[in-house]
Every structure is written in structure tokens, then in C-alpha cells.
Colleague: 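To start, I am sharing the structure in question, which I have written as C-alpha cells.
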Amino acid sequence: MKKIDSFIRDIPDFPKPGINYKDITPLLQDPAALRETVARLMDLIGDIKIDKVVGVESRGFLLGAILAEKLNAGFVPVRKSGKLPYKTYAEVYDLEYGKDILEIHQDAIKKGESVLLHDDVLATGGTARTACNLIEKMGGKIVQCNFLIELSYLKGELKLKDYDVRSLIGY
Ligand SMILES: O=P(O)(O)OC[C@H]1O[C@H](OP(=O)(O)OP(=O)(O)O)[C@H](O)[C@@H]1O
Ligand SMILES: Nc1ncnc2[nH]cnc12
């Protein structure tokens with residue numbers, strides 16, 4: 001099989017001029033690449049016990065839910081404002097190309113639960129840091145921040161210094 005990174009496509013100037021967007025849809029639509037990616041993410045996670053996988057809207061849902069099923073863990077969505085129907089905790093955040101609010105359901109994580117945060121891309125780290133803040137506000141223990149792609153030149157890891165950060169592909 002071709003290397004996993006060959007299934008990630010660069011889209012210059014999307015969604016704004018100056019942003020080089022990493023498009024993971026070619027990887028998702030190839031069965032062998034998808035299977036291999038999930039297997040490698042599982043290797044990154046290792047054998048730590050995980051109660052909940054938190055995935056961030058929307059691309060964090062795609063692989064996050066698959067990982068949760070494989071880990072025998074629950075899946076928890078962190079969503080952008082106004083999308084979750086029940087009571088939420090919310091926090092404002094900045095990302096590489098914008099600003100938004102993230103929310104999580106108040107009953108999604110129980111105190112002391114082991115949580116894996118998953119997203120497709122770590123860019124500036126604003127999104128992941130905000131998701132971590134929400135998880136910790138609820139008493140969750142973050143055992144790993146897990147990404148398919150890390151854009152190292154944006155130094156998102158600096159916002160996640162408190163955590164074990166792992167990613168499959170770095171740029
Ligand atoms: O590290 P940051 O600079 O915060 O950026 C990373 C975030 O940006 C993307 O999501 P986006 O908000 O574009 O939403 P989408 O997944 O719905 O496309 C990506 O999926 C991460 O969640
Ligand atoms: N350059 C980028 N490509 C894809 N997703 C992103 N999220 C934040 N920055 C991104």
C-alpha cells in the first residue's frame with residue numbers, strides 16, 4: 001500500500017488565503033488506507049485503559065468514533081455552539097482560521113474517567129486546548145491527545161504541554 005501521507009491532499013488557500021488545508025477525504029475513501037490508519041492510531045494509543053474518547057466536530061468524529069469502538073470506550077462529541085441538545089459546558093476558542101465556541105454535554109464525562117482526546121489535525125492547538133479544558137472542568141483525566149496530523153510549524157504542542165501528545169503524521 002502507498003504511504004498513509006500520500007492519501008492526504010494539500011488544498012492551498014482554503015478556507016482562507018494563506019492557509020494550506022490538509023484534506024483527509026482521499027484517505028477516508030480508500031478502504032486499505034483507512035484500515036491502516038486506524039491500526040496505526042491504535043498503536044499510538046497502546047494499552048492504556050480509556051473510558052471515553054472525545055472527538056471534536058466535525059472531523060474528529062470520523063476516526064474518533066472508530067477508535068472508541070475498538071478501545072471498548074464510549075464516544076463523546078465536543079461540538080460547535082448550539083448543536084448539542086442537552087445542558088452543556090462551553091468555552092470560546094481560536095483556531096488557525098477563525099474563532100468559535102465549543103460545547104460538551106454536562107453528563108458526558110464522569111469524575112475520574114480516563115479520556116483520550118482525538119482530532120484529525122493539530123494546528124495552532126486552540127481547539128484541542130479548549131476541548132481539554134472542558135474535559136478537565138468535568139473531572140476527566142486526559143491520558144493522551146491523539147491526532148492524525150500535526151502541523152508542527154504552528155507549534156500547537158506548546159498549548160498542550162501538560163499532556164501526552166501523539167500524532168501519526170507531522171508536517
Ligand atoms: O489547532 P487548531 O488551530 O485549533 O485547528 C485544528 C482544528 O481545525 C479543524 O477543525 P475545523 O474547525 O476546521 O472544523 P471541521 O472539523 O468541522 O472542518 C480540525 O479538524 C481541528 O479541529
Ligand atoms: N491547515 C489545516 N488543514 C486542515 N485542518 C486544519 N485545521 C486547522 N488548520 C488546518
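Just follow the structure's listing: the first ligand is 1, and inside any ligand the first atom is 1.
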Colleague: Considering heavy atoms of the protein only, find what lies nearest to atom 17 (O) of ligand 1 and give residue, atom and distance to 0.1 Å.
Modeller: Ser58 OG, 2.7 Å
Colleague: Identify, for atom 7 (C) of ligand 1, the protein heavy atom at the shortest distance, and state residue, atom and that distance.
Modeller: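 Going by distance alone, atom 7 (C) of ligand 1 is nearest to Thr127 OG1, 3.5 Å.
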Colleague: Going by distance only, is there an N or O of Leu122 that falls short of 3.5 Å from an N or O of ligand 1?
Modeller: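 Looking only at distances, the answer is no, because the N/O contact criterion of under 3.5 Å is not met.
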Colleague: Dump all N/O pairs between ligand 2 and the protein below 3.5 Å as a table: atom names plus distance, one pair per row.
Modeller:
{"unit_1": "ligand 2", "atom_1": "1 (N)", "unit_2": "Asn20", "atom_2": "O", "d": "3.0"}
{"unit_1": "ligand 2", "atom_1": "1 (N)", "unit_2": "Glu96", "atom_2": "OE1", "d": "3.1"}
{"unit_1": "ligand 2", "atom_1": "3 (N)", "unit_2": "Lys22", "atom_2": "N", "d": "2.9"}
{"unit_1": "ligand 2", "atom_1": "5 (N)", "unit_2": "Arg59", "atom_2": "NH1", "d": "3.1"}
{"unit_1": "ligand 2", "atom_1": "5 (N)", "unit_2": "Arg59", "atom_2": "NH2", "d": "3.4"}
{"unit_1": "ligand 2", "atom_1": "7 (N)", "unit_2": "Tyr97", "atom_2": "OH", "d": "3.3"}
{"unit_1": "ligand 2", "atom_1": "9 (N)", "unit_2": "Glu96", "atom_2": "OE1", "d": "2.5"}

Colleague: Could you tell me, atom by atom, which parts of ligand 1 come under 4.0 Å of a heavy atom of Thr124?
Modeller: 1 (O), 2 (P), 3 (O), 4 (O)
Colleague: Is it true that Arg129 and Asp162 have a side-chain N and a carboxylate O under 4.0 angstrom from each other?
Modeller: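 Salt bridge flag = yes for Asp162 with Arg129.
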Colleague: Quick one: side-chain contact (heavy atoms from CB on, under 4.5 Å) partners of Lys80, sequence neighbours excluded?
Modeller: Glu57, Tyr93, Asp100, Leu102
Colleague: Which atoms of ligand 1 sit under 4.0 Å from any heavy atom of Val121?
Modeller: 6 (C), 21 (C)
Colleague: Taking only heavy atoms of Gly126, which atoms of ligand 1 are found under 4.0 Å from at least one of them?
Modeller: 1 (O), 4 (O)
Colleague: Could you tell me the residue and atom name of the protein heavy atom closest to atom 21 (C) of ligand 1, and the distance to it rounded to 0.1 Å?
Modeller: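 Minimum-distance protein heavy atom for atom 21 (C) of ligand 1 reads Asp119 OD2, 3.1 Å.
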Colleague: Could you tell me whether the side chain of Lys52 and the main chain of Ser114 form a donor-acceptor pair under 3.5 Å?
Modeller: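 Judged by distance alone, no pair lies under 3.5 Å.
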Colleague: Among protein heavy atoms, which sits nearest to atom 8 (O) of ligand 1, and what does the distance come to when rounded to 0.1 Å?
Modeller: Leu95 CD1, 3.4 Å
Colleague: Can we say Asp119 and Arg59 salt-bridge, meaning some charged N sits less than 4.0 Å from an Asp/Glu carboxylate O?
Modeller: no
Colleague: Main chain of Met138, side chain of Gln106: is a donor-acceptor contact present, judged purely on distance under 3.5 Å?
Modeller: no
Colleague: Tell me if a side-chain donor or acceptor on Glu150 pairs with a main-chain N or O of Ile169 at a distance below 3.5 Å.
Modeller: no
Colleague: Looking only at protein heavy atoms, identify the closest one to atom 13 (O) of ligand 1 and say how far it is in Å.
Modeller: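 The closest heavy atom on the protein side is Tyr97 OH, 2.5 Å.
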Colleague: Are any of the heavy atoms in Ala128 under 4.0 Å away from ligand 1?
Modeller: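 No, Ala128 has no heavy atoms under 4.0 Å from ligand 1.
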Colleague: Between Glu36 and Arg40, is there a side-chain N and carboxylate O pair less than 4.0 Å apart?
Modeller: yes
Colleague: When you measure from atom 9 (C) of ligand 1 to every protein heavy atom, which one gives the shortest distance, and what is it?
Modeller: Arg59 NH2, 3.2 Å
Colleague: Is Val56 in polar range of ligand 1, meaning some N or O pair under 3.5 Å apart?
Modeller: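 There is no such contact.
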Colleague: Just which atoms of ligand 1 are under 4.0 Å from any heavy atom in Glu96?
Modeller: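 Per the distance check, 3 (O).
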Colleague: Show which atoms of ligand 1 fall inside a sub-4.0 Å distance from at least one heavy-atom site of Asp120.
Modeller: 19 (C), 20 (O)
Colleague: Considering non-hydrogen atoms of the protein only, which is the closest contact for atom 14 (O) of ligand 1, and what is the distance?
Modeller: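 Minimum-distance protein heavy atom for atom 14 (O) of ligand 1 reads Lys80 NZ, 2.7 Å.
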